[in-house]
Amino acid sequence: MKKNSTIKVCLFPAAGYGTRFLPATKSMPKEMLPILTKPLIQYGVEEAMNAGMNTMAIVTGRGKRAIEDHFDISYELEHQIKGTTKEKMLADIRHIIDNCTFSYTRQKEMKGLGHAILTGEPLIGHQPFAVILADDLCVNESQGVLSQMVKLYEKFQCSIVAIEEIDPQQTDKYGVIAGIEIEPGIFRVNTMVEKPAPEDAPSNLAIIGRYILTPDIFDILQQTKPGKAGEIQITDALMEQARQGNVIAYKFNGKRYDCGSIDGYVQATVELYNEMKNK
Ligand code: G1P
(Lines give C-alpha, C1' and ligand atoms only; values in the text may rest on other atoms or scores of the structure.)
Protein backbone atom coordinates (compact mmCIF):
# COMPACT_ATOMS: atom_id res chain seq x y z
CA MET A 1 0.00 0.00 0.00
CA LYS A 2 1.21 3.49 -0.87
CA LYS A 3 2.00 5.52 2.24
CA ASN A 4 0.79 9.00 3.23
CA SER A 5 -1.76 9.65 0.52
CA THR A 6 -3.53 13.00 0.76
CA ILE A 7 -6.80 11.10 0.36
CA LYS A 8 -7.44 8.58 3.13
CA VAL A 9 -11.04 7.54 2.65
CA CYS A 10 -12.84 5.86 -0.20
CA LEU A 11 -16.63 5.79 -0.35
CA PHE A 12 -18.43 2.91 -2.05
CA PRO A 13 -22.08 3.54 -2.86
CA ALA A 14 -23.41 -0.02 -2.79
CA ALA A 15 -27.10 0.21 -2.08
CA GLY A 16 -28.47 -0.38 -5.60
CA TYR A 17 -30.58 -3.39 -6.43
CA GLY A 18 -28.68 -4.68 -9.47
CA THR A 19 -31.89 -5.51 -11.28
CA ARG A 20 -30.05 -6.25 -14.52
CA PHE A 21 -28.64 -9.36 -12.88
CA LEU A 22 -31.85 -10.79 -11.46
CA PRO A 23 -32.38 -13.43 -10.26
CA ALA A 24 -28.68 -13.66 -9.22
CA THR A 25 -29.01 -10.42 -7.25
CA LYS A 26 -32.29 -11.30 -5.54
CA SER A 27 -30.61 -12.07 -2.23
CA MET A 28 -26.96 -11.36 -3.10
CA PRO A 29 -25.50 -7.85 -3.46
CA LYS A 30 -24.49 -7.07 -7.05
CA GLU A 31 -21.14 -5.86 -5.65
CA MET A 32 -20.43 -9.45 -4.61
CA LEU A 33 -20.70 -10.83 -8.16
CA PRO A 34 -17.29 -12.32 -8.94
CA ILE A 35 -15.00 -11.68 -11.85
CA LEU A 36 -13.08 -14.98 -11.78
CA THR A 37 -12.77 -15.66 -8.03
CA LYS A 38 -12.91 -12.12 -6.66
CA PRO A 39 -16.05 -10.06 -5.95
CA LEU A 40 -16.32 -6.76 -7.82
CA ILE A 41 -16.14 -4.70 -4.64
CA GLN A 42 -12.83 -6.31 -3.65
CA TYR A 43 -11.27 -5.09 -6.92
CA GLY A 44 -12.44 -1.61 -5.93
CA VAL A 45 -11.05 -1.85 -2.39
CA GLU A 46 -7.69 -3.03 -3.77
CA GLU A 47 -7.62 -0.09 -6.18
CA ALA A 48 -8.28 2.30 -3.27
CA MET A 49 -5.56 0.66 -1.15
CA ASN A 50 -3.08 0.93 -3.99
CA ALA A 51 -3.89 4.65 -4.11
CA GLY A 52 -2.89 4.94 -0.42
CA MET A 53 -6.33 4.75 1.22
CA ASN A 54 -6.96 2.60 4.27
CA THR A 55 -10.46 3.65 5.31
CA MET A 56 -13.35 2.24 3.34
CA ALA A 57 -16.77 3.77 3.86
CA ILE A 58 -19.55 1.69 2.37
CA VAL A 59 -23.11 2.86 1.82
CA THR A 60 -25.20 -0.27 1.83
CA GLY A 61 -28.89 -1.09 1.95
CA ARG A 62 -31.17 -3.92 2.88
CA GLY A 63 -29.89 -7.33 1.79
CA LYS A 64 -26.25 -6.27 1.61
CA ARG A 65 -24.85 -7.97 4.70
CA ALA A 66 -22.66 -10.28 2.63
CA ILE A 67 -20.41 -7.28 1.94
CA GLU A 68 -19.70 -6.81 5.67
CA ASP A 69 -19.05 -10.50 6.12
CA HIS A 70 -16.66 -10.52 3.17
CA PHE A 71 -14.45 -7.87 4.76
CA ASP A 72 -14.33 -9.67 8.11
CA ILE A 73 -12.52 -12.72 9.40
CA SER A 74 -14.26 -16.07 8.95
CA TYR A 75 -12.80 -18.08 11.84
CA GLU A 76 -14.51 -21.32 10.98
CA LEU A 77 -13.45 -21.29 7.34
CA GLU A 78 -9.91 -20.24 8.15
CA HIS A 79 -9.63 -22.94 10.78
CA GLN A 80 -10.85 -25.55 8.26
CA ILE A 81 -8.34 -24.70 5.53
CA LYS A 82 -5.36 -23.85 7.74
CA GLY A 83 -2.26 -25.70 6.56
CA THR A 84 -3.89 -26.80 3.29
CA THR A 85 -3.06 -25.58 -0.22
CA LYS A 86 -6.28 -23.56 -0.18
CA GLU A 87 -5.03 -21.21 2.51
CA LYS A 88 -3.31 -18.97 -0.01
CA MET A 89 -6.64 -18.23 -1.70
CA LEU A 90 -7.54 -16.08 1.29
CA ALA A 91 -4.20 -14.23 1.42
CA ASP A 92 -5.37 -11.12 -0.50
CA ILE A 93 -8.57 -10.65 1.47
CA ARG A 94 -6.66 -11.21 4.74
CA HIS A 95 -4.22 -8.48 3.71
CA ILE A 96 -7.15 -6.11 3.14
CA ILE A 97 -8.79 -6.97 6.46
CA ASP A 98 -5.51 -6.50 8.35
CA ASN A 99 -4.73 -3.13 6.78
CA CYS A 100 -8.04 -1.33 6.36
CA THR A 101 -10.89 -0.06 8.48
CA PHE A 102 -14.40 -0.54 7.17
CA SER A 103 -17.43 1.45 8.18
CA TYR A 104 -20.99 1.11 6.96
CA THR A 105 -24.20 3.02 6.85
CA ARG A 106 -27.46 2.22 5.14
CA GLN A 107 -29.23 4.26 2.49
CA LYS A 108 -32.83 3.62 3.39
CA GLU A 109 -34.39 4.84 0.17
CA MET A 110 -32.97 4.80 -3.35
CA LYS A 111 -32.88 8.49 -4.23
CA GLY A 112 -29.91 8.55 -6.56
CA LEU A 113 -26.11 8.53 -6.50
CA GLY A 114 -25.93 12.06 -5.07
CA HIS A 115 -28.18 11.01 -2.20
CA ALA A 116 -26.10 7.86 -1.61
CA ILE A 117 -22.93 9.96 -1.36
CA LEU A 118 -24.64 12.40 1.02
CA THR A 119 -25.73 9.42 3.14
CA GLY A 120 -22.02 8.60 3.54
CA GLU A 121 -21.15 12.01 5.02
CA PRO A 122 -21.12 10.82 8.68
CA LEU A 123 -18.52 8.19 7.72
CA ILE A 124 -16.28 10.77 6.05
CA GLY A 125 -16.48 14.10 7.86
CA HIS A 126 -14.68 17.14 6.53
CA GLN A 127 -11.95 15.81 4.28
CA PRO A 128 -11.49 15.15 0.54
CA PHE A 129 -12.45 11.60 -0.39
CA ALA A 130 -12.58 9.19 -3.29
CA VAL A 131 -15.66 7.44 -4.67
CA ILE A 132 -15.62 4.10 -6.45
CA LEU A 133 -18.65 2.63 -8.19
CA ALA A 134 -17.66 -1.02 -7.95
CA ASP A 135 -19.56 -2.12 -11.04
CA ASP A 136 -17.15 -0.04 -13.14
CA LEU A 137 -14.15 -2.36 -13.01
CA CYS A 138 -10.96 -0.53 -13.99
CA VAL A 139 -7.78 -2.38 -14.80
CA ASN A 140 -4.34 -1.04 -15.46
CA GLU A 141 -1.02 -2.89 -15.53
CA SER A 142 1.07 -0.25 -13.78
CA GLN A 143 -0.89 2.42 -11.89
CA GLY A 144 -4.56 2.13 -10.87
CA VAL A 145 -7.03 4.78 -12.01
CA LEU A 146 -7.54 6.12 -8.48
CA SER A 147 -3.77 6.47 -7.97
CA GLN A 148 -3.59 8.49 -11.17
CA MET A 149 -6.42 10.70 -9.88
CA VAL A 150 -4.81 11.24 -6.45
CA LYS A 151 -1.76 12.66 -8.25
CA LEU A 152 -4.01 15.09 -10.09
CA TYR A 153 -5.78 16.04 -6.86
CA GLU A 154 -2.40 16.87 -5.32
CA LYS A 155 -1.77 19.23 -8.22
CA PHE A 156 -5.20 20.85 -8.67
CA GLN A 157 -6.73 20.55 -5.13
CA CYS A 158 -10.28 20.32 -6.49
CA SER A 159 -12.80 17.65 -7.43
CA ILE A 160 -11.64 15.21 -10.13
CA VAL A 161 -13.81 12.96 -12.31
CA ALA A 162 -12.53 10.15 -14.54
CA ILE A 163 -13.82 10.26 -18.10
CA GLU A 164 -13.62 8.26 -21.29
CA GLU A 165 -14.70 8.80 -24.87
CA ILE A 166 -17.85 6.87 -25.62
CA ASP A 167 -19.97 6.15 -28.67
CA PRO A 168 -21.97 9.41 -29.10
CA GLN A 169 -25.18 7.34 -29.25
CA GLN A 170 -24.60 6.15 -25.67
CA THR A 171 -24.60 9.53 -23.88
CA ASP A 172 -27.93 8.81 -22.19
CA LYS A 173 -26.21 6.20 -19.99
CA TYR A 174 -23.67 8.58 -18.40
CA GLY A 175 -22.90 11.94 -16.91
CA VAL A 176 -21.34 13.87 -19.79
CA ILE A 177 -18.89 16.78 -19.48
CA ALA A 178 -17.48 19.55 -21.62
CA GLY A 179 -14.57 21.79 -20.80
CA ILE A 180 -11.26 23.28 -21.83
CA GLU A 181 -8.37 20.88 -22.37
CA ILE A 182 -5.64 22.47 -20.24
CA GLU A 183 -3.16 19.61 -20.67
CA PRO A 184 -3.45 16.53 -22.89
CA GLY A 185 -6.34 14.48 -21.50
CA ILE A 186 -7.03 16.94 -18.63
CA PHE A 187 -10.05 19.25 -18.85
CA ARG A 188 -11.23 22.16 -16.71
CA VAL A 189 -14.95 21.34 -16.72
CA ASN A 190 -17.53 24.01 -17.52
CA THR A 191 -20.57 21.87 -18.34
CA MET A 192 -21.90 18.61 -16.90
CA VAL A 193 -25.18 16.95 -17.81
CA GLU A 194 -26.62 13.74 -16.40
CA LYS A 195 -27.60 11.22 -19.08
CA PRO A 196 -28.38 13.61 -21.95
CA ALA A 197 -29.97 12.39 -25.18
CA PRO A 198 -27.31 12.24 -27.93
CA GLU A 199 -28.67 15.41 -29.56
CA ASP A 200 -28.38 17.33 -26.27
CA ALA A 201 -24.98 16.02 -25.17
CA PRO A 202 -22.21 18.64 -24.83
CA SER A 203 -19.58 16.07 -25.96
CA ASN A 204 -18.94 12.33 -25.95
CA LEU A 205 -16.77 12.51 -22.80
CA ALA A 206 -18.53 10.35 -20.22
CA ILE A 207 -17.92 10.21 -16.48
CA ILE A 208 -17.06 6.73 -15.25
CA GLY A 209 -17.33 5.45 -11.69
CA ARG A 210 -14.25 7.11 -10.16
CA TYR A 211 -14.37 10.47 -8.40
CA ILE A 212 -12.32 12.51 -5.96
CA LEU A 213 -14.57 15.00 -4.21
CA THR A 214 -13.83 17.96 -1.97
CA PRO A 215 -15.97 17.98 1.20
CA ASP A 216 -17.96 21.11 0.25
CA ILE A 217 -19.84 18.70 -2.02
CA PHE A 218 -21.95 17.66 1.01
CA ASP A 219 -23.36 21.17 1.54
CA ILE A 220 -24.03 21.41 -2.19
CA LEU A 221 -25.77 18.02 -2.20
CA GLN A 222 -28.00 19.19 0.69
CA GLN A 223 -29.24 21.93 -1.62
CA THR A 224 -29.41 19.86 -4.83
CA LYS A 225 -32.92 19.31 -6.13
CA PRO A 226 -33.93 16.01 -7.70
CA GLY A 227 -32.80 16.00 -11.36
CA LYS A 228 -32.75 13.28 -14.00
CA ALA A 229 -35.15 10.42 -13.14
CA GLY A 230 -36.34 12.40 -10.08
CA GLU A 231 -33.10 11.48 -8.26
CA ILE A 232 -30.44 13.59 -6.55
CA GLN A 233 -27.57 13.48 -9.02
CA ILE A 234 -23.89 13.87 -8.14
CA THR A 235 -23.45 15.30 -11.63
CA ASP A 236 -25.73 18.26 -10.75
CA ALA A 237 -23.85 18.91 -7.49
CA LEU A 238 -20.51 18.76 -9.32
CA MET A 239 -21.85 21.28 -11.84
CA GLU A 240 -22.06 23.77 -8.95
CA GLN A 241 -18.36 23.24 -8.25
CA ALA A 242 -17.60 23.42 -11.99
CA ARG A 243 -19.18 26.90 -12.15
CA GLN A 244 -16.37 28.02 -9.82
CA GLY A 245 -13.77 26.26 -12.00
CA ASN A 246 -13.33 23.56 -9.36
CA VAL A 247 -13.80 20.34 -11.34
CA ILE A 248 -11.14 18.59 -13.42
CA ALA A 249 -12.01 15.76 -15.79
CA TYR A 250 -9.31 13.24 -16.56
CA LYS A 251 -9.03 10.76 -19.42
CA PHE A 252 -7.56 7.93 -17.40
CA ASN A 253 -5.03 5.37 -18.55
CA GLY A 254 -6.39 1.86 -18.43
CA LYS A 255 -9.46 -0.09 -19.37
CA ARG A 256 -12.93 0.09 -17.88
CA TYR A 257 -15.50 -2.69 -17.96
CA ASP A 258 -19.12 -1.80 -17.31
CA CYS A 259 -19.84 -4.77 -15.05
CA GLY A 260 -23.29 -3.36 -14.32
CA SER A 261 -24.27 -4.73 -17.74
CA ILE A 262 -24.24 -8.37 -18.81
CA ASP A 263 -22.08 -7.56 -21.88
CA GLY A 264 -19.42 -5.73 -19.85
CA TYR A 265 -19.48 -8.35 -17.12
CA VAL A 266 -18.91 -11.20 -19.58
CA GLN A 267 -16.22 -9.25 -21.43
CA ALA A 268 -14.35 -8.56 -18.16
CA THR A 269 -14.62 -12.21 -17.19
CA VAL A 270 -13.29 -13.45 -20.54
CA GLU A 271 -10.44 -10.93 -20.75
CA LEU A 272 -9.26 -11.38 -17.16
CA TYR A 273 -9.49 -15.15 -17.60
CA ASN A 274 -7.34 -15.03 -20.75
CA GLU A 275 -4.84 -12.80 -18.97
CA MET A 276 -4.64 -15.19 -16.02
CA LYS A 277 -4.13 -18.20 -18.34
CA ASN A 278 -1.36 -16.41 -20.29
CA LYS A 279 0.62 -15.51 -17.16
C1 G1P B 1 -23.81 6.94 -12.46
C2 G1P B 1 -23.74 8.46 -12.61
C3 G1P B 1 -23.29 8.84 -14.03
C4 G1P B 1 -21.99 8.15 -14.35
C5 G1P B 1 -22.10 6.62 -14.13
C6 G1P B 1 -20.75 5.96 -14.29
O7 G1P B 1 -24.86 6.45 -13.26
O8 G1P B 1 -25.01 9.00 -12.31
O9 G1P B 1 -23.14 10.24 -14.12
O10 G1P B 1 -21.63 8.43 -15.70
O11 G1P B 1 -22.58 6.33 -12.82
O12 G1P B 1 -20.85 4.57 -14.19
P13 G1P B 1 -25.45 4.95 -13.07
O14 G1P B 1 -24.51 4.05 -13.81
O15 G1P B 1 -25.48 4.70 -11.60
O16 G1P B 1 -26.81 5.00 -13.70
Side-chain angles (χ1 to χ4, degrees), residues 10-21 25 29-31 33 40-41 43-44 47 58-61 64 107 109-120 130-139 145-146 149 159-179 187 189 191-198 200-213 217 220-221 224-242 247-252 254-265 267-268:
C10 187
L11 181 75
F12 293 81
Y17 295 125
T19 47
R20 275 182 282 184
F21 284 88
T25 47
K30 64 174 172 156
E31 295 77 14
L33 288 170
L40 278 168
I41 193 162
Y43 286 93
E47 186 183 326
I58 309 191
V59 177
T60 63
K64 299 277 187 170
Q107 187 187 13
E109 290 174 282
M110 301 299 120
K111 292 195 203 162
L113 179 57
H115 180 258
I117 291 172
L118 185 56
T119 303
V131 177
I132 288 185
L133 307 183
D135 48 16
D136 271 342
L137 173 63
C138 292
V139 293
V145 176
L146 218 50
M149 292 171 73
S159 289
I160 318 276
V161 296
I163 51 166
E164 71 177 13
E165 277 182 44
I166 53 154
D167 170 354
Q169 293 309 310
Q170 303 279 317
T171 55
D172 60 356
K173 295 194 173 75
Y174 298 94
V176 178
I177 69 112
F187 297 77
V189 176
T191 307
M192 309 184 82
V193 191
E194 180 66 8
K195 303 195 172 96
D200 302 326
S203 76
N204 70 332
L205 298 173
I207 303 169
I208 62 119
R210 298 290 181 278
Y211 305 77
I212 289 178
L213 301 174
I217 200 75
I220 299 171
L221 279 167
T224 303
K225 303 246 158 22
K228 193 88 189 180
E231 297 181 335
I232 296 171
Q233 299 295 347
I234 190 63
T235 308
D236 295 340
L238 278 162
M239 183 60 212
E240 284 304 309
Q241 292 186 330
V247 180
I248 293 289
Y250 168 59
K251 264 192 202 171
F252 65 96
K255 179 151 190 185
R256 174 192 72 111
Y257 298 95
D258 173 12
C259 294
S261 76
I262 311 269
D263 284 352
Y265 181 82
Q267 193 191 356

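For ligands, and for the atoms within them, numbers begin at 1 and follow the listed sequence. All residue numbers refer to positions in the sequence shown, counting from 1.
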**Study point:** Heavy-atom check, side chain of Tyr211 versus side chain of Leu133, under 4.5 Å
**Key:** yes

Practice item. Report the residues that fulfil side chain to side chain donor-acceptor pair (under 3.5 Å) with Asp258, sequence neighbours left out, ordered by chain and then residue number. Key: none

Point to revise | Under 4.0 Å from ligand 1, counting heavy atoms only: the protein residues, by chain and number | key: Leu113, Leu133, Asp136, Tyr174, Gly175, Glu194, Lys195, Ile207, Ile208, Gly209, Tyr211, Gln233, Thr235

Point to revise | Pair Ser159-Gln241, side-chain donor/acceptor within less than 3.5 Å | key: yes

Check your understanding: Short question: side chain of Arg256, backbone of Gly209 - any donor-acceptor pair under 3.5 Å?
Key -> no

Check your understanding: Can you tell me how far CG of Leu11 sits from CG of Leu213, rounded to the nearest 0.5 angstrom?
Key -> 8.5 Å

Practice item. May I ask you to decide if Ala197's main-chain N or O and Asp172's side chain share a donor-acceptor pair within less than 3.5 Å? Key: no

